[in-house]
Peer 1: 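Here it is, the structure, as structure tokens.
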2 protein chains.
Amino acid sequence: MAKRSDTQGRLDDAARAGWLYYVAGRTQDEIAAAMSISRQSAQRLVSLAVAERLIKVRLDHPIAACLELAEALRKKYGLRHAEVVPSDPAGSSSTVGIAEAAAAEIERWLKRPDPIIIAIGTGRTLKAAVDQLPPMECLQHRIVSLTGNIGPDGSAAFYNVIFSMADAIKARHFPMPLPVLCSSAEERETLHDQALVRSTLQLGAQADVTFVGIGELGVDGPLCVDGFLGREEMLTLVKNGAAGEICGWVYDRQGQLLGNSINDRVASVPIPSREKSSVIGIALGKKKLAAISGALKGKIINGIITDEATAEQLLSG
Amino acid sequence: MAKRSDTQGRLDDAARAGWLYYVAGRTQDEIAAAMSISRQSAQRLVSLAVAERLIKVRLDHPIAACLELAEALRKKYGLRHAEVVPSDPAGSSSTVGIAEAAAAEIERWLKRPDPIIIAIGTGRTLKAAVDQLPPMECLQHRIVSLTGNIGPDGSAAFYNVIFSMADAIKARHFPMPLPVLCSSAEERETLHDQALVRSTLQLGAQADVTFVGIGELGVDGPLCVDGFLGREEMLTLVKNGAAGEICGWVYDRQGQLLGNSINDRVASVPIPSREKSSVIGIALGKKKLAAISGALKGKIINGIITDEATAEQLLSG
DNA sequence: TTTGCTCATGGGCAATTACTCACCAGAGGA
DNA sequence: TCCTCTGGTGAGTAATTGCCCATGAGCAAA
């Protein structure tokens, strides 16, 4: 019984010490003097107060909610990187805030002094992010595009992001001199066998970090809007369970690549290893929810940059 | 990337750093790495977060000694509410600790779902408490100031607390468009007869809970320091037995309002009924002892938030 | 354009804090 | 009674943090 009351008294002391430390801002030495104990004991009491959750810290800032969501996402999906930006309340645009955040993240990688390989996917959101990049000189790095740069009509694909990136960033960049979709698996094989293409493919496979957009499916999704797929093909895909697309690779709600689909004809570099490198998806919005969720569940990506509203839906789902 | 010079962005970063440090428990080195800044910058952001009061620390523990004192106070003076916080041993500041405790109590009232009327007095201690409040949405409540918001020189009275409160709390708030002291009893009557003022007076009278500071008298007391009373007037008051003031209402050591004094000219709302509502005084310190004691003895207040040392003196006296 | 001011930065260093180790005291069981 | 286990203590040491200073960028006034 002495033990019980001692424990109680110790918690009181812990509370007192914690109060003096955190609220009154005194040092542990001063607390030790005030309570007539050794400095080490004061330190123990303070850390006990923390461990017993007597001390509650709160952060009054809109960012706090975002950071908590990011932490939750990281935990739920085992991510290497998660970033949540505040939702634009009036937000209809799919790039508000997220583009800046993604640009900041890209910039962090570009600032590294050691040479790395950065792979870049495609998509409007990613393009908006890249457009936010300030001019930089990064001759130590190599930047490689995961997707072909030739559109369905033979012109340059507009949302091939690597050219926008090359405008701002001085680095060696490697576009893919291929269409986005081949007409058949055989054609893809032939094309991929070219020396130039092969080295680019190899480069992509070695990427240290990859940034990709995430496309939703449906007749309003980017694959259709940009003319890579016809309306009928798309409807068939959706009927077969397709939920989203990254660099043209189509997957279902669990993030499993579809086998009997256009995936045989996608000319893109396979998405780099999520074991050995960071693959960061950049997307937000209700329309993309299934696509983002699938990519996370199937571990097609191991990093995400999104907004508050989307993060909440991802966590509740 | 956004310009680093903009204040908003810097505060966001400070919030991020503060969150990572206090909530996630990372070291400043880790934060620096995560945010791609130097460790020193991370440290600056963390201390900025503290300086900007983005970080709020609260101690959640009923400390035995304080509880005992609180219980004794409650019994001795028949109080509805008594709260005692640990004294800062080296404490010179009159707001350390007590402000947090008072803020917690105010927050408890604000969190009530049923609509209530909260009346707010004045004073430095009370202002410090209100400054600790986190942003809240409480549209169901009404907050009314007991004192005028026009200072002796015609400017806005700085320690009129309701405006600070309005910054953090989203609720209907009703300041008093009056001076603190009128030049005569007649002027007061005229002013109080205005329709707008009358409705505010009425609102104040209906308050469910009232928070007031307690001011000591003397030439160093707030009435003099803030220029509401001249030195001579004050000395006369003290000679006549004045011991303290709440919202400008001056009372003696037994808590009886003085009849022949400035009380005829105080424009404040009468202190709400202690029979039907809670009137909580917030004060500590040896200088205020007579003022606090008088307010308790005369039942001008029926609740007190103070510190350990003051509580002990109140009980021994 | 120059000048002067403000403010963020990074380095270095001293103060402060956290952790590990060895030891001790009391409770409870064999 | 003795042993062991739990939980606390102080010392020493490594890690972390706070502060000062010189520097340089951005900006407004001259």
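Every value quoted in this text rests on a predicted model; they were computed, and no experiment measured them. The sequence lines fix the lettering, A, B, ..., with proteins before strands; numbering per chain opens at 1.
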Peer 1: Strictly below 4.0 Å: does B/Ser38 bring a side-chain N or O up to OP1 or OP2 of C/dT9?
Peer 2: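 Looking at the OP1 and OP2 atoms of C/dT9, neither is under 4.0 Å from any side-chain N or O of B/Ser38.
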Peer 1: In whole Å, what is the span from the CD atom of A/Glu30 to the P atom of C/dT16?
Peer 2: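 Roughly 8 Å, once rounded to whole Å.
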Peer 1: Given side chains that start at C-beta, do those of A/His173 and A/Arg142 come closer than 4.5 Å, heavy atoms only?
Peer 2: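 With C-beta onward as the side chain, the pair stays apart.
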Peer 1: Output all residues satisfying side chain to side chain donor-acceptor pair (under 3.5 Å) with B/Ser164, sequence neighbours left out; order by chain, then residue number.
Peer 2: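 For B/Ser164, the residues satisfying side chain to side chain donor-acceptor pair (under 3.5 Å) (neighbours in sequence not counted) are B/Lys127.
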Peer 1: Start with the C-alpha distance between B/Arg124 and B/Asp226, add both sets of side-chain angles, then the distance that settles salt bridge (charged side-chain N to carboxylate O under 4.0 Å, His left out), and finish with yes or no.
Peer 2: CA-CA 11 Å; B/Arg124 286 154 177 79; B/Asp226 292 339; 2.8 Å; yes
Peer 1: Kindly say whether A/Leu314 contributes a backbone atom to a donor-acceptor pair with the side chain of A/Lys76 at under 3.5 angstrom?
Peer 2: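 Between the backbone of A/Leu314 and the side chain of A/Lys76 there is a qualifying donor-acceptor contact (under 3.5 Å).
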Peer 1: When you measure from the side-chain N and O atoms of A/Ser41 to the phosphate of D/dG10, is any distance below 4.0 Å, counting only OP1 and OP2?
Peer 2: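 For A/Ser41, the contact criterion (side-chain N or O under 4.0 Å from OP1 or OP2 of D/dG10) is met.
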Peer 1: Tell me the interatomic distance from A/Asp13, atom CG, to D/dT9, atom C1', rounded to whole angstroms.
Peer 2: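 So the CG-C1' distance, A/Asp13 to D/dT9, works out to 15 Å.
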Peer 1: Using side-chain contact (heavy atoms from CB on, under 4.5 Å) as the criterion, list what pairs up with B/Cys138, not counting sequence neighbours.
Peer 2: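 Once residues adjacent in sequence are excluded, the partners of B/Cys138 under the side-chain contact (heavy atoms from CB on, under 4.5 Å) criterion are B/Leu110, B/Met136, B/Gln140, B/His141, B/Ile169, B/Ala171.
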Peer 1: Apply salt bridge (Lys or Arg N to Asp or Glu O under 4.0 Å) to B/Arg74 and list each qualifying residue two or more places apart in sequence or on a separate chain.
Peer 2: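 Partners of B/Arg74 by the salt bridge (Lys or Arg N to Asp or Glu O under 4.0 Å) criterion, ordered by chain and then number, come out as B/Glu71.
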Peer 1: Distances for protein N/O vs nucleotides 16-20 of chain D N/O pairs under 3.5 angstrom?
Peer 2:
| residue | atom | partner | partner atom | Å |
| --- | --- | --- | --- | --- |
| D/dT17 | OP1 | B/Tyr21 | OH | 3.2 |
| D/dT17 | OP2 | B/Gln28 | N | 2.7 |
| D/dG18 | OP2 | B/Gln28 | NE2 | 2.7 |
| D/dG18 | OP2 | B/Gln43 | NE2 | 3.0 |
| D/dG18 | O6 | B/Arg39 | NH2 | 3.2 |

Peer 1: Determine whether the side chains of B/Asp12 and A/His61 contain a donor N or O and an acceptor N or O closer than 3.5 Å.
Peer 2: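 Judged by distance alone, the side chains do pair up.
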Peer 1: What is the distance, rounded to the nearest whole Å, between atom CG of A/Leu45 and atom C1' of D/dG8?
Peer 2: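 Going from A/Leu45 (CG) to D/dG8 (C1'), I get 11 Å.
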Peer 1: Tabulate protein N/O versus nucleotide N/O from nucleotides 24-26 of chain C, keeping only pairs under 3.5 Å, one per line.
Peer 2:
none

Peer 1: Any side chain to side chain donor-acceptor pair (under 3.5 Å) involving residues 41-50 of chain B? Give me the pairs, sequence neighbours left out, ordered by first then second residue.
Peer 2: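 Qualifying pairs: B/Ser38-B/Ser41.
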